[in-house]
Amino acid sequence: MLTSAPRGTNDFLPGEVEKWQYLEKVIREICSQYGYGEIRTPIFEHTELFHRGVGDTTDIVEKEMYTFEDRGERSLTLRPEGTASTVRAFIQHKVYAQPQPTKLFYIGPMFRYDRPQAGRYRQFHQFGIEVFGSNDPAVDAEVIVMALDFYDRLGLTDLEVHINSVGCPKCRLDHRKTLQEHLRPKMAELCSLCQSRFERNPMRVLDCKNPKCQELTVEAPTTTKCLCPECLEHFEAVKKYLDSIGIKYVVNERLVRGLDYYTNTAFEIVARDIGAQSSIGGGGRYNGLIEQCGGQPTPGIGWAMGLERILLTMEKQGCKFPEAPPFDVFVATIGDVAKDAAFQLLAKLRKAGLAAEKDYLGRSLKAQMKYADKFKAGFTVIIGEDELNRGVVMVRNMAGGSQEEVALDKVLEYLKEKR
RNA sequence: GUGGCUGUAGUCAAGAGGUCAAGACACAGGAUUGUGGCUCCUGCACUCGGGGGUUCGAAUCCCCUCAGCCACCCCA
């Protein structure tokens with residue numbers, strides 16, 4: 001208990017963490033190219049923000065939040081997703097007063113109380129983007145393109161983009177009515193969960209995985225059937241933009257994303273080969289959210305990706321990660337008198353920008369050599385008593401096994417040249 | 001929240017009621033007293049996730065608990 005991390009959380013140690021750093025590097029590169037600035041918001045927020053911003057009927061709010069009371073009796077919640085906080089900050093800091101649209105990205109941990117599974121953890125990490133202030137379908141297309149560009153840069157293949165439109169509140173109301181009418185006669189046959197969805201959020205019945213429910217809804221009106229002219233036009237424009245640069249996608253009329261705030265475009269990117277939790281990214285437009293959270297009516301769109309799932313997919317697909325840079329030099333010593341010289345040389349080498357290391361466990365020369373080998377040191381500098389008296393050291397090239405004497409005060413220059 | 005599988009050293013893992021709990025890798029040390037990568041030798045679990053029970057005796061059987069994995073729900 002004391003010696004294991006809480007359920008569903010992970011430690012990332014050296015060897016693993018370099019992969020995360022690489023991901024973060026690619027993220028920062030692509031974001032700067034697409035004009036996104038980074039935003040860092042608190043890990044916890046007022047619980048109310050998520051009730052408003054995520055939606056009371058969502059699974060996240062109903063059963064997955066880490067909610068606690070602080071010593072001032074405020075109800076706080078570890079953020080389960082990033083959009084609500086970003087919207088909150090946008091309003092709080094009056095970012096809408098800046099030139100629009102606002103394009104922001106974030107990377108960081110999110111928390112959901114759920115049973116851990118392949119690609120799902122209680123603390124997981126998301127990279128997400130949000131665009132506030134434009135309802136241009138070109139933005140919808142651009143964020144999808146950017147997501148795919150990102151996966152492409154990582155070397156991921158065989159991904160599917162599913163897109164759909166759930167329309168504006170007007171279309172949704174329309175759709176809700178039509179759908180309820182369609183479902184009403186079949187109520188008794190629906191699964192118990194869908195029966196409860198009927199009143200609260202009938203749209204969700206459409207993506208129920210229960211085979212019986214799927215069968216009963218084959219003929220059910222999908223969201224796109226009920227779009228108003230403007231929403232239909234918007235959806236068509238998004239698809240046209242994607243077509244115009246050759247982006248392949250699947251229109252999935254049953255794609256109804258779980259969060260209440262989505263309007264119009266909804267999309268999801270799926271990786272076939274990482275198990276049941278195959279969605280590696282998803283998002284959509286949320287034109288009502290900013291107003292819902294207390295701001296001026298402002299259109300918005302965004303997506304989020306699960307970094308654990310991306311890493312999982314990269315490993316499954318054998319994607320390449322950059323190699324760790326080789327270690328420059330190991331300083332080995334013989335006898336106590338060499339220790340001071342080694343300490344000073346080490347400081348000098350490092351200050352000059354070389355990666356340098358020595359032994360701190362009093363190992364024999366033989367053991368130091370083995371240790372140097374494990375470090376994959378390019379060179380080993382051996383400082384012995386005899387050499388020290390003559391003001392020289394032995395420099396061994398670990399790859400070839402050749403070695404030569406070099407004056408102690410010339411070692412740095414020698415190594416810099418040979419490296 | 002529900003279901004299935006699993007839990008032996010840092011890692012992989014044998015072991016299926018009764019000698020000191022195999023082995024491999026890793027790690028540490030060493031092979032004529034100052035030199036790595038190959039080879040060889042030596043060391044490394046009073047203990048089998050934790051707790052309780054059955055038994056003369058349990059890593060091996062039972063119960064509880066925790067954790068991991070997988071699936072459902074849902075989502076990243």
Side-chain angles (χ1 to χ4, degrees), chain A residues 1-10 13 15 54 57-64 79-83 107-128 147 191-194 196-197 201 204 207-211 213 255-259 268-271 274-283 302-313 330 332-335 338 359 361-388 393-403:
Chain A
M1 194 79 173
L2 211 59
T3 53
S4 66
R7 180 154 209 209
T9 67
N10 291 106
L13 275 50
V54 177
T57 67
T58 58
D59 277 29
I60 291 180
V61 171
E62 279 184 344
K63 54 181 207 188
E64 295 175 0
R79 64 181 185 192
E81 54 99 62
T83 302
I107 312 173
M110 305 294 165
F111 306 84
R112 292 181 1 198
Y113 189 90
D114 208 341
R115 289 281 293 263
Q117 189 184 326
R120 186 167 66 200
Y121 305 95
R122 290 184 170 179
Q123 175 175 332
F124 61 104
H125 297 78
Q126 285 190 334
F127 155 40
C191 72
S192 58
L193 194 63
C194 282
S196 72
R197 282 169 173 152
N201 198 348
R204 299 288 296 284
D207 70 346
C208 181
K209 306 297 183 292
N210 184 313
C213 295
L255 172 65
V256 174
R257 298 190 45 80
L259 283 58
E268 189 164 323
I269 291 102
V270 176
I274 58 166
Q277 306 305 317
S278 58
S279 168
I280 61 170
W303 49 245
M305 301 181 180
L307 298 185
E308 281 83 356
R309 290 186 189 174
I310 288 176
L311 247 17
L312 193 63
T313 313
F330 188 88
T333 58
I334 304 158
D359 165 65
L361 296 179
R363 278 185 250 247
S364 66
L365 180 60
K366 180 194 187 71
Q368 288 182 68
M369 293 303 291
K370 281 194 179 188
Y371 188 51
D373 196 53
K374 283 180 188 125
F375 260 93
K376 298 197 174 65
F379 292 88
T380 297
V381 173
I382 303 166
I383 307 179
E385 205 170 339
D386 299 345
E387 288 91 340
L388 209 52
V393 294
M394 197 63 90
V395 179
R396 185 177 178 84
N397 182 328
M398 297 300 275
S402 61
Q403 58 185 38

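Only heavy atoms go into these numbers, but all of them, side chains included; no hydrogens, no water, no symmetry mates. All figures in this text were calculated on a predicted structure; none of them were measured in a lab. Just so we're on the same page: letters track the sequence lines, and every chain starts at 1.
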Whole-Å gap separating C1' (G1(B)) and CG (Asp59(A)): 11 Å
Nearest listed nucleotide, side chain of Arg112(A), among C72(B), A76(B), G36(B): A76(B)
Value in whole Å for how far the C1' atom of A76(B) lies from CG of Leu312(A): 12 Å
Among C69(B), C72(B), A76(B), the nucleotide that comes nearest once only the side chain of Gln126(A) is considered: A76(B)
Value in whole Å for how far the P atom of G68(B) lies from CG of Asn10(A): 9 Å
With sequence neighbours excluded, residues passing ring pair (Phe, Tyr, Trp, His ring centres under 6.0 Å) with Phe127(A): Phe150(A), Trp303(A)
Quiz item: Asp373(A) side-chain donor-acceptor pair to G36(B) base, under 3.5 Å: yes
Sugar-phosphate, base or nothing in reach of Ala372(A), heavy atoms under 4.0 Å: nothing
Contact under 4.0 Å: Arg7(A) side-chain N or O vs C66(B) OP1/OP2: no
Sugar-phosphate only, base, or nothing, as touched by Gly275(A) at under 4.0 Å among non-hydrogen atoms: sugar-phosphate
Closest to the Arg309(A) side chain, choosing from C73(B), G36(B), C75(B): C75(B)
Separation of the P atoms in G34(B) and C48(B), to the nearest angstrom: 44 Å
Nearest-nucleotide 5' precedence on RNA chain B, Lys63(A) against Gly306(A): Lys63(A)
Closest nucleotide among G36(B), G68(B), A71(B) to the Ala276(A) side chain: A71(B)
Counterpart residues, side chain to side chain donor-acceptor pair (under 3.5 Å), relative to Glu81(A) (two or more places apart): Tyr261(A)
P atoms of C73(B) and A26(B), separation to the nearest Å: 44 Å
Side chain Arg115(A) and base G3(B) donor-acceptor under 3.5 Å: yes
Pairing partner of U33(B) (Watson-Crick or G-U wobble, both distances under 3.5 Å): none
Touch class at under 4.0 angstrom, heavy-atom based, for Gly119(A) against every strand present: base
Rounded P spacing from A31(B) to U47(B) in Å: 34 Å
For Tyr371(A), ring pair (Phe, Tyr, Trp, His ring centres under 6.0 Å) partners two or more places apart: Phe330(A), Phe375(A)
Backbone N/O of Pro109(A) and side chain of Arg79(A): donor-acceptor pair under 3.5 Å: yes
Quick test: give all pairs of protein nitrogen or oxygen and nucleotides 28-34 of chain B nitrogen or oxygen below 3.5 Å, distance rounded to 0.1 Å.
from, atom 1, to, atom 2, distance (Å)
A28(B), OP1, Arg363(A), NH1, 3.4
A28(B), OP2, Lys374(A), NZ, 3.2
G30(B), OP1, Ser364(A), OG, 3.4
G30(B), OP2, Ser364(A), OG, 3.2
G34(B), O6, Asp386(A), OD1, 3.4
G34(B), O6, Asp386(A), OD2, 2.2
G34(B), N1, Glu387(A), OE1, 2.9
G34(B), N1, Glu387(A), OE2, 3.2
G34(B), N2, Glu387(A), OE1, 3.4
G34(B), N2, Glu387(A), OE2, 2.5

Assigned partner base of U47(B), Watson-Crick or wobble definition, under 3.5 Å: none
Sugar-phosphate, base or nothing in reach of Gly82(A), heavy atoms under 4.0 Å: nothing
Partner nucleotide of C56(B) by Watson-Crick or wobble geometry (both distances under 3.5 Å): G18(B)
Pairwise C1' distance for A67(B) and C46(B), with rounding to whole Å: 25 Å
Length of the line joining Trp303(A):CH2 and C75(B):P, which is rounded to integer Å: 19 Å
Paired nucleotide for G23(B) [Watson-Crick or G-U wobble; both distances under 3.5 Å]: C12(B)
Salt bridge (charged side-chain N to carboxylate O under 4.0 Å, His left out) involving Lys63(A) - partner list, sequence neighbours excluded: Asp59(A)
Minimum-distance nucleotide to Gln403(A) side chain [options: U35(B), C72(B), C75(B)]: U35(B)
Check: Gln126(A) side chain, Gly108(A) main-chain N or O, donor-acceptor pair, under 3.5 Å: no
Between A22(B) and A45(B) - C1' atom distance, rounded Å: 13 Å
Separation of A71(B) P from Arg120(A) CZ (nearest whole Å): 9 Å
Donor-acceptor contact present, side-chain Arg120(A) to main-chain Gln277(A), <3.5 Å: no
Non-neighbouring partners of Glu308(A) that pass side chain to side chain donor-acceptor pair (under 3.5 Å), sequence neighbours left out: His125(A)
Residue mapping more 5' on RNA chain B - nearest nucleotide basis, Ser402(A) or His125(A): Ser402(A)
Touch class at under 4.0 angstrom, heavy-atom based, for Tyr121(A) against every strand present: base
Length of the line joining Gln368(A):CD and G37(B):C1', which is rounded to integer Å: 17 Å
What nitrogen or oxygen pairs link the protein and nucleotides 6-10 of chain B at under 3.5 Å?
none

C1' spacing across the pair G15(B) / A21(B), given as an integer number of angstrom: 8 Å
CA sep, side-chain torsions, deciding dist, call: Glu268(A), Val270(A), side-chain contact (heavy atoms from CB on, under 4.5 Å): CA-CA 6 Å; Glu268(A) 189 164 323; Val270(A) 176; 4.3 Å; yes
Pairwise P distance, A28(B) and C75(B) [rounded to whole Å]: 49 Å
Set of side chain to side chain donor-acceptor pair (under 3.5 Å) partners for Gln403(A), sequence neighbours left out: Arg396(A)
Gap between atoms CD and P, on Gln117(A) and U2(B) respectively (whole Å): 15 Å
Side-chain donor or acceptor of Ser278(A) paired with backbone N/O of Ile274(A) under 3.5 Å: no
Residues in side chain to side chain donor-acceptor pair (under 3.5 Å) contact with Arg112(A), at least two apart in sequence or another chain: none
Gap between atoms CD and C1', on Glu81(A) and A76(B) respectively (whole Å): 11 Å
Under-4.0 Å salt bridge between Arg122(A) and Asp114(A): no
Sugar-phosphate, base or nothing in reach of Ala271(A), heavy atoms under 4.0 Å: nothing
Same-atom distance (P) from C64(B) to G23(B), integer angstrom: 36 Å
Pair partner, A67(B) [Watson-Crick or wobble, under 3.5 Å]: U6(B)
